[in-house]
Amino acid sequence: MLKNYCSTKNQFKIITGGLEIMEYNFREIEKRWQEWWKANKVYKVSNDSPKPKYYVLDMFPYPSGAGLHVGHPLGYIASDIYARFKRLKGFNVLHPMGYDAFGLPAEQYAIEHGIHPAVSTEANIKNFRSQLDKIGFCYDWDREVNTSKPGYYKWTQWIFLQLFKSFYNRQTKKAEPINKLLAAFEKEGNASHPIPNTQYPIISFTAEEWKKFTEATQQDILMQYRLAYCGYGEVNWCEALGTVLANDEVVNGVSERGGHPVVKKKLRQWYLRITEYADRLLEGLEKVDFSESMKEMQTNWIGKSSGAEISFELRASSHENKSSQLIANSSRLIVYTTRPDTIFGVDFMVIAPEHELVKELITDEHKAEVEKYLEYVNSRSERERMAEKKITGVFTGSYAKNPFNGRAIPIWISEYVLAGYGTGAIMAVPCGDQRDFLFAKHFNIPITNIIGSHYNGEEANPTKDAILENSDFINGMLMKDAIEVVIKKIEEKGIGVRKVNYKMRDAAFSRQRYWGEPFPIVWKSGTPVPLDEKELPLQLPHMDELKPGPDGEGPLANLGEWVSPPAFGGSRREVNTMPGYAGSSWYFLRYMDPDNEKEFCSRKASDYWGQVDLYIGGTEHAVGHLLYSRMWTKFLFDIGLIGYDEPYKRLVNQGMIQGSSRFVYRIFFADTLSILKGEFNSNHNPLFVPVNVYQKLTEIGVSNTKERIEYLKKIAPNNSVIQAATSSLITAKLHVDVNIVDGVELNIEEFRKWRNGEYADAEFVLEDGKYICGVEIEKMSKSKFNTVNPDDLVYKYGADTFRMYEMFLGPVEMSKPWDTKGIEGVHRFLKKLWRLFYDELKGKVWNEEKATDAELKVLHKTIRKVEEDTERFSFNTGVSAFMICVNELTDLKCHKKEILEPLLILLAPYAPHIAEELYAELRKAPPKKGLGEVSILDAAFPKFEEKYVKETSKTYPVAINGKTRTELSIALDATQQQVEEIVLKDPTVIKWLEGKQPKKIIYVKNKMINVVV
RNA sequence: AAGCCUGUAGCCCAACGGAAGAGGCAAUAGUCUUAGAAACUAUUUAGUGUGAGUUCAAAUCUCACCGGGCUUACCA
């Protein structure tokens, strides 16, 4: 006996004898088809196909313990629809899914829950997978990747080694083997390959010098060139997480994950020399189809600027003749500026507190003051510096000499100049730069005006369009033009060079953590030696306890045996692990050839699948993941392992689904102090007022306690607690679980049970017997009790309804709030569709009659609309096109297979289960009997035919001077002249013309007619 | 503070130079039901945030302002 599957009660009629279910029983249908798809491996994709290829990729998830909420699958559904659509259109579609399982959050989660990351990750993946499966995605799970599996990270380690063994040849603008560099050094020193690290003590060397260097020095120099290198640097150190973080993992001076404080610290770290790729990462943006905002974010992150580095002589006094001795002959102050044209407006210099010349520049009389200032700066965390912007600084006592007019320029120290950017020193031009201006005003430094009336003395003006004044040899020149002139002059005089600068830093590539790829590196007397590639993967050893190692090292340092086995003779393994973005930088390639044990991905596979045609994911990866994976792709291209240097041809960012939070408003009759102290002991049950009462109370104002209480007494005459109230009143706004609110009406019974009965004794002030909650749109989050679980919705309405409703909410790229209420409408649509095939009482109603013109017109209108909308990612309007179609077919009482079958194929990408079911029924081949060849997945997408929708005439709106006055039915192929004749004969038009001659008659075919008088 | 996106019936959204409404939710009425729910049928609702401009014609293009979102925030 069949049970009632549907939550909406007695729905099913059972035809006795055939045991045929006449109502839309989505739960049974979806389960059956999902099993059938799985058993028949219908989503398995071959690398060998005569069809054209298409690659649709989702950003693979980090499997968090919290599970999915309705916001997560949005992008997956969109890509799934598109992948299915492309398959119907005859493409061999690669649409895989996997897990970004390594990384800090996984480890943090594991530690907090006392479970080993391998175990918790495994469990989270399992949960994740079961949630995904319910939605009916067409992933080829045989290609699943998991970044934490040795079979996968073997190749992450392998690519790292290739990076380690390569350098960026600036002449050929691509990565090349480090051996080539070595050969060049032996032949000609580093004349053709300047050291990328300009801070390095050795700048240039000849072949002879190179040969005389010790092995260690040679290795150290090579390290300055490697694309994956180890060096000391200022890193973002997060004490709470016990690790360094990449720049994009630090937000506002705290860690992106967890919000822990981050400080700058000098540590030995691995880096990726991504800065060498800065220009190509910028240029590549022109060849890809990303949104403008995405390109802009990446461009800003790379932060390319051009200008000059100018070197200034230093003096310990402002007087040219007297004590004009150079501070130290070799020391010069080098500043970076994008505006060399303002060189005569430089009124002071500012260097960062961390600048290496600070000690040299302090004169005796300023020593005490400077030291006090440095101490103050040190006491301030990164966070404080960012949060409160105070103008602070101190004069060093020293001066720089303007190379053009010899003017002595005082050198200051201030924290507004960052050590990490440019040279850590600036030339300050207060008339042109607002920060410099404020600094000058604050410390009473006289301001030189070089831009005449463009400067008003009130604020700086950063214009480039002023005519220069007080500027020696560039007087009278337009600023824009002077930039080039000054750079040339500087280079001529040998006091500076043209310079391009980037905000982007080399990417910190090591983490003092356990849950990541171990580095295939062994340290032998201070030199890192790569493991033989045959030894890969270097497996991550098991650890029971994940405590940080000594000296800020990661947990692996605690494993003595592993770090330095006896056979190593004192050498130690690298104990850092790679960051989360290592594995995700190349995963799109592994899907193409997931089981390859000899290569990360065969050239044959990567040539066949090529670039990802469509990549879908959130904006949050704009600068992290996307830049790193673009760099890795360029690198793999450079060394000839793949045939393209951009991974993603087209990128679509799905918008965020926001939560719609619900609030209840509690009131207390007590004073704030006693509540804060915890002394308050309610002598009555928790009391709640509805949203408009709360709003009214807010309107009255917190201070008007008397009025507020009087108001309450008036609206709740029967509430004894309120009537007895005398003391002060406090209101509290509390999030309430959206799942126990129907629209805005609180389900009081559920509320009393909520949170283990915390509000079991709650009392309410009701309006018409209802408690109305407040509503606010916020980020969807567990802590706000506004998350909605897809599992519940799939259970209640089915996967097809859920998929379509997610799409129906609005454009994929837009952020929008979730509102479960509307899902009923989509569900009704599917039921209505079902009724085109089956009648509740009569059973099968579809037939094989010949379709009428009107029916064919409805079908072909829909084909055109759905095809267009799907192609341009307008899924919301696509869903609505289906609704219109079904409404119209219902009105026409059309139950014809000739119409319904193509309609099902159109619908299959959106609602695959119901489409399969009905398609199988039309084909008389129920899947229960295992007739796999009738699957709708490989049906041919219906062909739109113009002839069915073609009209011969149209009723045109006729406007006089833009205002519609009448309508005229005119043949579609009418010429301008014919139209003019018809229009001018029309009585309404004649009336409105009032005898005047029309100036012009505008006739837009198939649109409208406008008569201009 | 800047850049990008966005603002259409009570709500979510269509229309993207050519008659503002396709669709859904909600609301109201009816059919069916012992009743409720569900289902079905029908009906109602805006002149496009504000102000200017371009055009024969503007929700659509331009500019300014106001509100919402996202991103980056001392980058010399």
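Lettering follows sequence order; numbering is per chain, from 1.
- The side chain of A/Arg835 lies closest to B/C40, out of B/C40, B/C70, B/C74.
- With sequence neighbours left out, the salt bridge (charged side-chain N to carboxylate O under 4.0 Å, His left out) criterion links A/Glu980 to no other residue.
- B/A20 sits 16 Å from B/G7 when the C1' atoms are compared, rounded to a whole Å.
- In B/G47 the base sits syn relative to the sugar, since the glycosidic angle is no further than 90° from 0.
- Pair assignment for B/G3: B/C70, on the basis of Watson-Crick or G-U wobble contacts that are both within less than 3.5 Å.
- A side-chain donor-acceptor contact under 3.5 Å links A/Thr392 and A/Glu415.
- In this structure, NZ of A/Lys304 is placed 18 Å from C1' of B/A76, rounded to the nearest angstrom.
- One atom, CD1 of A/Ile310, and another, C1' of B/A76, lie 11 Å apart when rounded to the nearest Å.
- Separation of the C1' atoms belonging to B/U6 and B/U50 is 16 Å when rounded to the nearest angstrom.
- Picking from B/C74, B/A14, B/A26 the nucleotide with the shortest atom distance to the side chain of A/Lys821 gives B/A26.
- With hydrogens and angles left out, the side-chain atoms of A/Ser305 and A/Asn501 include no donor and acceptor closer than 3.5 Å.
- Using a 4.0 Å cut-off, some side-chain N or O of A/Asn876 falls inside it from OP1 or OP2 of B/A14.
- Remark on RNA chain B: of its neighbouring residues A/Ala881 and A/Val1012, the 5'-side contact belongs to A/Ala881, judged by nearest-heavy-atom nucleotide.
- In this structure, the CD1 atom of A/Ile823 is 16 Å from the P atom of B/C13, given to the nearest Å.
- For A/Met883, taking side-chain heavy atoms from C-beta onward, the closest of the listed nucleotides B/C13, B/G23, B/G18 is B/G23.
- Atom C1' of B/A59 sits at a distance of 5 Å from the matching atom of B/U48, rounded to the whole Å.
- Look at A/Ser305 and you'll find a side-chain N or O under 4.0 angstrom from OP1 or OP2 of B/A76.
- The P atoms of B/G51 and B/U8 are separated by 16 Å, rounded to the nearest whole Å.
- The distance between atom CG of A/Leu830 and atom P of B/C40, rounded to the nearest whole Å, is 12 Å.
- Base pairing of B/G10 is made with B/C25, judged by Watson-Crick or G-U wobble geometry with both donor-acceptor distances under 3.5 Å.
- Residue A/Tyr421 places at least one side-chain N or O closer than 4.0 Å to OP1 or OP2 of B/A76.
- Between A/Phe439 and A/Trp412, the ring-plane angle classifies as perpendicular under the 30° and 60° cut-offs.
- One interatomic measurement links the two molecules: NZ of A/Lys1005 to P of B/A57, which rounds to 25 Å at whole-angstrom precision.
- Distance check on atom C1': B/A37 versus B/A22 gives 30 Å, rounded to whole Å.
- Considering only side-chain atoms of A/Glu296, the nucleotide from B/A26, B/G23, B/C4 that sits closest is B/C4.
- Distances from the side chain of A/Lys816 to the nucleotides B/A39, B/C13, B/G18 place B/C13 closest.
- Proximity note for A/Ile884 (side chain, C-beta onward) versus B/A14, B/G23, B/G18: the nearest is B/G23.
- Contacts of A/Asn887 with the nucleic acid, taken as non-hydrogen atoms under 4.0 Å apart, involve only primed sugar atoms and P, OP1 or OP2.
- The nucleotide whose nearest atom lies closest to any side-chain atom of A/Asn1010 is, among B/C56, B/A76, B/C40, B/C56.
- Here the separation of B/A38 from B/C32, taken at their C1' atoms, is 11 Å to the nearest Å.
- For A/Tyr502 and B/C75, the OH to P distance is 19 Å, given to the nearest whole Å.
- Base pairing of B/C61: its partner is B/G53, meeting the Watson-Crick or G-U wobble criterion (both donor-acceptor distances under 3.5 Å).
- Looking at A/Asp279 and A/Lys304, a side-chain N of the basic residue comes within less than 4.0 Å of a carboxylate O on the acidic one, giving a salt bridge.
- Straight-line distance between the C1' atoms of B/C11 and B/U45: roughly 12 Å, to the nearest whole Å.
- Nearest to the side-chain atoms of A/Lys503 among the listed nucleotides B/C74, B/U72, B/G23 stands B/U72.
- Atom P of nucleotide B/A76 and atom CD1 of A/Ile413 are separated by 22 Å, given to the nearest angstrom.
- Regarding contacts with the backbone of B/C75, a side-chain N or O of A/Arg435 is found under 4.0 angstrom from either OP1 or OP2.
- B/A22 atom C1' lies 19 Å from atom CZ of A/Phe875, rounded to whole Å.
- Across B/G18 and B/A58, the matching P atoms stand 11 Å from one another, rounded to whole Å.
- Base pairing of B/U48: no nucleotide in any strand meets the Watson-Crick or G-U wobble criterion (both distances under 3.5 Å).
- For B/A39, the OP1/OP2 oxygens have a side-chain nitrogen or oxygen of A/Arg828 closer than 4.0 Å.
- B/U31 is paired with B/A39 under the criterion used here, namely a Watson-Crick or G-U wobble arrangement in which both key atom distances are under 3.5 Å.
- One donor-acceptor pair, N or O on each side, does fall under 3.5 Å between the base of B/A22 and the side chain of A/Ser880.
- Closest to the side chain of A/Arg872, from the set B/G18, B/C13, B/A15, is B/A15.
- With the nearest nucleotide of RNA chain B identified for both A/Pro957 and A/Gly810, A/Gly810 has the one nearer the 5' end.
- The aromatic rings of A/Tyr421 and A/Tyr336 sit perpendicular to each other, their planes meeting at more than 60°, with 30° as the lower class boundary.
- Taking the six-membered ring where the residue is Trp, A/Tyr24 and A/His827 present tilted rings, their angle falling between 30° and 60°.
- Picking from B/C70, B/A14, B/C4 the nucleotide with the shortest atom distance to the side chain of A/Thr877 gives B/A14.
- Each of A/Phe875, A/Trp818, A/Tyr910, A/Tyr797 was compared with A/Tyr805 under the ring pair (Phe, Tyr, Trp, His ring centres under 6.0 Å) criterion, and only A/Trp818 meets it.
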